[in-house]
Amino acid sequence: MSFDLVLFGGTGDLAWRKLMPALFQAFRHGSLPEGGRIIGVGRDDLSAEQYRSLIQSRFDKVDLAKRPSAEEFARFAALLEFVRMDLSKPDDYAHLASSLQARNANTVVMYLATAPNLFTTICEQLAAAKLNTPYTRIVLEKPLGHDLASNRTINHTVRQFFEEKQVFRIDHYLGKPAVQNLFALRFGNALFEPLWRREHIANIQITISEDLGVEKRGAFYETTGALRDMVQNHALQLLCAIGMEPPINSHADAIRDEKLKVLRSLKPWTQESLTQDVVRGQYASGSIDGGKVPGYREELGVNPQSNTETFVALRTEIANWRWAGVPFYIRTGKRLAGRDAHIVVNFRPTPHAIFNSQIGVANSLVINLQPKDGLELHLLAQGQNNRQAKAGTAPALVPVQLDLDFDKRFGSERVGAYERLLLDVIDGRLNLFVRSDEQEEAWRWVEPIMNHWNSDAQGPRMYAAGSWGPSASSAMIARDGYCWSEES
Ligand code: BG6
């Protein structure tokens with residue numbers, strides 16, 4: 001099967017950091033279909049040879065194990081081409097069209113790794129140049145818009161020229177092996193399903209923490225913030241994976257229908273819950289790994305009075321029979337204590353204690369996404385000291401855990417998120433991509449938070465870089481009588 005992958009934003013940040021390394025891994029693993037071509041599109045006047053050298057120079061920054069040897073790069077580079085385009089000029093699309101028609105590949109993937117405000121123009125121009133054939137697939141990077149209205153405008157334009165089955169909306173969290181294992185855990189095993197409900201689960205916590213700051217993306221981040229950058233997409237997709245009903249089969253729409261139902265069931269915001277159940281924070285200077293780091297307002301491209309949030313913690317509920325009354329907590333932020341993404345499912349405590357130290361202690365299942373990828377089941381076991389227990393007193397129990405490390409178990413066979421998703425696009429598999437209605441529902445749900453913050457004079461709460469965020473985040477969860485996993 002031959003394919004042409006056209007990378008709009010071919011010299012941009014995403015192409016450098018994620019897409020090219022992922023395409024190279026797919027090439028190295030032998031999973032990229034033969035006869036493919038990767039066409040970088042950008043504004044610079046580069047020859048194919050210059051583009052290849054540019055890409056090669058960037059591989060110096062990739063982990064050693066994932067870096068190509070000179071011989072490997074030469075073979076990979078043979079797939080790379082470059083087309084200079086001004087994305088507003090019809091002639092440039094005509095030029096692209098002639099280069100694609102000359103080869104007549106079975107599949108043409110248009111990957112829009114550009115600023116979202118260019119998406120509608122690109123789609124319109126592609127259609128005007130008759131590049132929206134039935135063999136075309138279009139990939140849209142997040143953020144898709146900056147609110148519900150802009151998201152709908154993009155989706156509306158895309159729908160005019162492409163069918164939904166041709167549209168691949170990326171949320172790279174869905175491509176992470178750990179998230180696929182979460183689906184496997186829930187729907188490939190019968191063990192947890194009877195327990196996966198309000199009768200047995202006390203609360204669920206989703207944490208996506210990063211130790212990095214905004215790096216060189218200050219200007220982008222200023223108009224985005226953590227709510228749009230992480231909550232509207234990645235965190236809500238994780239919440240869907242945890243909360244959804246078992247789909248009727250593994251087809252894309254069966255899965256997406258169930259995720260959509262979760263998003264529709266999220267408890268609507270009220271003035272009271274917006275005040276009490278959402279915390280916005282911004283990092284001040286602090287220390288990471290023993291080194292001093294600046295605060296967000298001192299970062300390049302950031303307004304020194306900025307109120308943009310770099311941290312969000314919130315509490316919500318899924319209002320349906322399975323989950324009514326169970327709090328779901330989401331927390332994400334930059335410059336936190338570590339790079340750590342995990343989900344904790346806290347089960348209810350035993351109803352009656354016959355052992356010492358059992359009162360109030362409950363089991364939990366931890367789904368680790370990164371840097372570790374695995375599962376931990378926290379249980380209580382009989383320690384070694386029972387012989388010391390006085391006659392007539394109950395023996396004490398100690399916490400133990402079953403620990404499953406997927407990296408150790410599956411090792412080198414693992415495929416990274418972007419590699420997996422790019423191969424899925426080329427093969428036409430939509431399971432791990434987001435449908436427009438899901439995306440719109442997620443925007444609809446976060447929008448009251450954005451509106452509330454716009455009219456809230458208080459601004460974000462400051463937290464020291466290297467901490468777990470503002471204390472209000474712990475206070476929010478403590479109101480329900482719980483604490484975040486690292487505090488327990
Ligand atoms: C991206 C966000 O979608 O996800 C970034 O735009 C964030 O701000 C990144 O750093 C986190 O992804 P990962 O895979 O490193 O957890």
Side-chain angles (χ1 to χ4, degrees), residues 147-148 198 201-209 224-236 238-240 242-243 262-284 296 306-320 322-337 342-346 348 360 362 364 441-464 467-488:
D147 57 11
L148 178 60
R198 63 192 298 281
I201 291 180
N203 68 83
I204 293 186
Q205 306 181 6
I206 298 173
T207 296
I208 311 177
S209 120
T224 310
L227 188 71
R228 291 181 174 94
D229 191 37
M230 299 295 286
V231 177
Q232 187 273 342
N233 33 74
H234 306 323
L236 283 184
L238 294 181
L239 183 139
C240 286
I242 284 280
V262 172
L263 293 165
R264 286 192 175 144
S265 317
L266 288 176
K267 215 171 160 185
W269 295 107
T270 60
Q271 204 48 40
E272 194 189 355
S273 62
L274 284 168
T275 318
Q276 291 192 355
D277 295 344
V278 188
V279 176
R280 73 167 150 162
Q282 187 189 81
Y283 65 83
Y296 175 70
S306 172
N307 272 344
T308 300
E309 79 287 356
T310 59
F311 174 96
V312 181
L314 61 83
R315 175 200 192 280
T316 186
E317 289 177 26
I318 301 176
N320 64 16
R322 187 187 284 268
W323 294 116
V326 178
F328 282 72
Y329 305 102
I330 289 177
R331 169 177 65 156
T332 183
K334 295 212 181 270
R335 284 283 189 234
L336 294 181
H342 63 261
I343 303 169
V344 184
V345 179
N346 283 315
R348 293 194 185 281
S364 60
E441 204 53 51
W443 276 117
R444 187 170 292 120
W445 188 75
V446 297
E447 222 173 46
I449 307 177
M450 296 172 354
N451 296 339
H452 172 68
W453 285 346
N454 283 342
S455 58
D456 176 20
Q458 193 188 23
R461 292 164 195 270
M462 295 297 155
Y463 61 95
S467 70
W468 278 104
S471 57
S473 147
S474 303
M476 177 191 79
I477 189 166
R479 270 204 316 274
D480 292 337
Y482 303 125
C483 60
W484 292 110
S485 49
E486 78 279 359
E487 296 166 347
S488 60

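- Contact of the D480 side chain with the N203 side chain is not registered, since no non-hydrogen atoms from C-beta on lie closer than 4.5 Å.
- Shown are V446, I449, T332, I206; of these, the side-chain contact (heavy atoms from CB on, under 4.5 Å) with L314 is made only by I449.
- Looking at N307 and W453, their side chains never come closer than 4.5 Å, going by heavy atoms from C-beta outward.
- If you take CD on Q232 and OG1 on T224, they are separated by 11.5 Å, rounding to the nearest 0.5 Å.
- Side chain of E309 to backbone of A226: a donor-acceptor contact under 3.5 angstrom is found.
- Taking each heavy atom of L148 and E447 in turn, the nearest pair found is N-OE2, 2.9 Å.
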Practice problem: Test Q205 against I477 for side chain to side chain contact (heavy atoms under 4.5 Å, CB included), laying out the working first. | Solution: CA-CA 10 Å; Q205 306 181 6; I477 189 166; 3.6 Å; yes

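- Here the CG atom belonging to N233 is positioned 11.5 Å from the CZ atom belonging to R228, to the nearest 0.5 angstrom.
- Residues satisfying the side-chain contact (heavy atoms from CB on, under 4.5 Å) criterion with R461, sequence neighbours excluded, are V279, Q458, P470, A472.
- What you find for P327 and Y482 is that their closest heavy atoms are CG-CE1, 4.1 Å.
- Atoms OG1 and CZ, from T316 and F328 in turn, are 8.5 Å apart once rounded to the nearest 0.5 Å.
- S474 meets the side-chain contact (heavy atoms from CB on, under 4.5 Å) test with W484, E487; sequence neighbours excluded.
- Side-chain N or O atoms of Q271 include none that pairs as donor or acceptor with a backbone N or O of H452 at under 3.5 Å.
- The side-chain heavy atoms of W445 and L263, taken from C-beta on, include no pair separated by under 4.5 Å.
- Checked by atom type and distance alone, the side chain of W468 never pairs as donor or acceptor with a backbone atom of L336 at under 3.5 Å.
- R479 places a side-chain N or O within donor-acceptor distance of the main-chain N or O of Q276, the cut-off being under 3.5 Å.
- Nearest approach of Y463 to G469, heavy atoms of both residues: CB-C, 3.5 Å.
- When every heavy atom of A324 is checked against every heavy atom of R198, the shortest pair comes out as O-NE, 2.8 Å.
- In this structure, L266 CG and N320 CG are separated by 9.5 Å, a value rounded to the nearest 0.5 Å.
- Counting only distance, with no hydrogens or angles, the side chain of D147 and the backbone of W443 share no donor-acceptor pair below 3.5 Å.
- Side-chain atoms of Y329 and S473 include no donor-acceptor pair closer than 3.5 Å.
- The aromatic rings of Y283 and Y296 stand perpendicular to each other, their planes meeting at an angle above 60°, with 30° marking the opposite boundary.
- The two residues D456 and R280 have their closest heavy-atom pair at O-NH2, 3.4 Å.
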Practice problem: Could you check V278 against L227 for side chain to side chain contact (heavy atoms under 4.5 Å, CB included), going step by step and ending with a plain yes or no? | Solution: CA-CA 11 Å; V278 188; L227 188 71; 6.0 Å; no

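- H234 approaches I208 most closely through the heavy-atom pair CB-CD1, 4.1 Å.
- Taking 4.5 Å as the limit, some side-chain heavy atom of L236 sits within range of a side-chain heavy atom of I330.
- Of the possible polar contacts, one joining the Q282 side chain to the T308 backbone as a donor-acceptor pair under 3.5 Å is found.
- To the nearest 0.5 Å, atoms CD (E317) and OG (S273) are separated by 10.0 Å.
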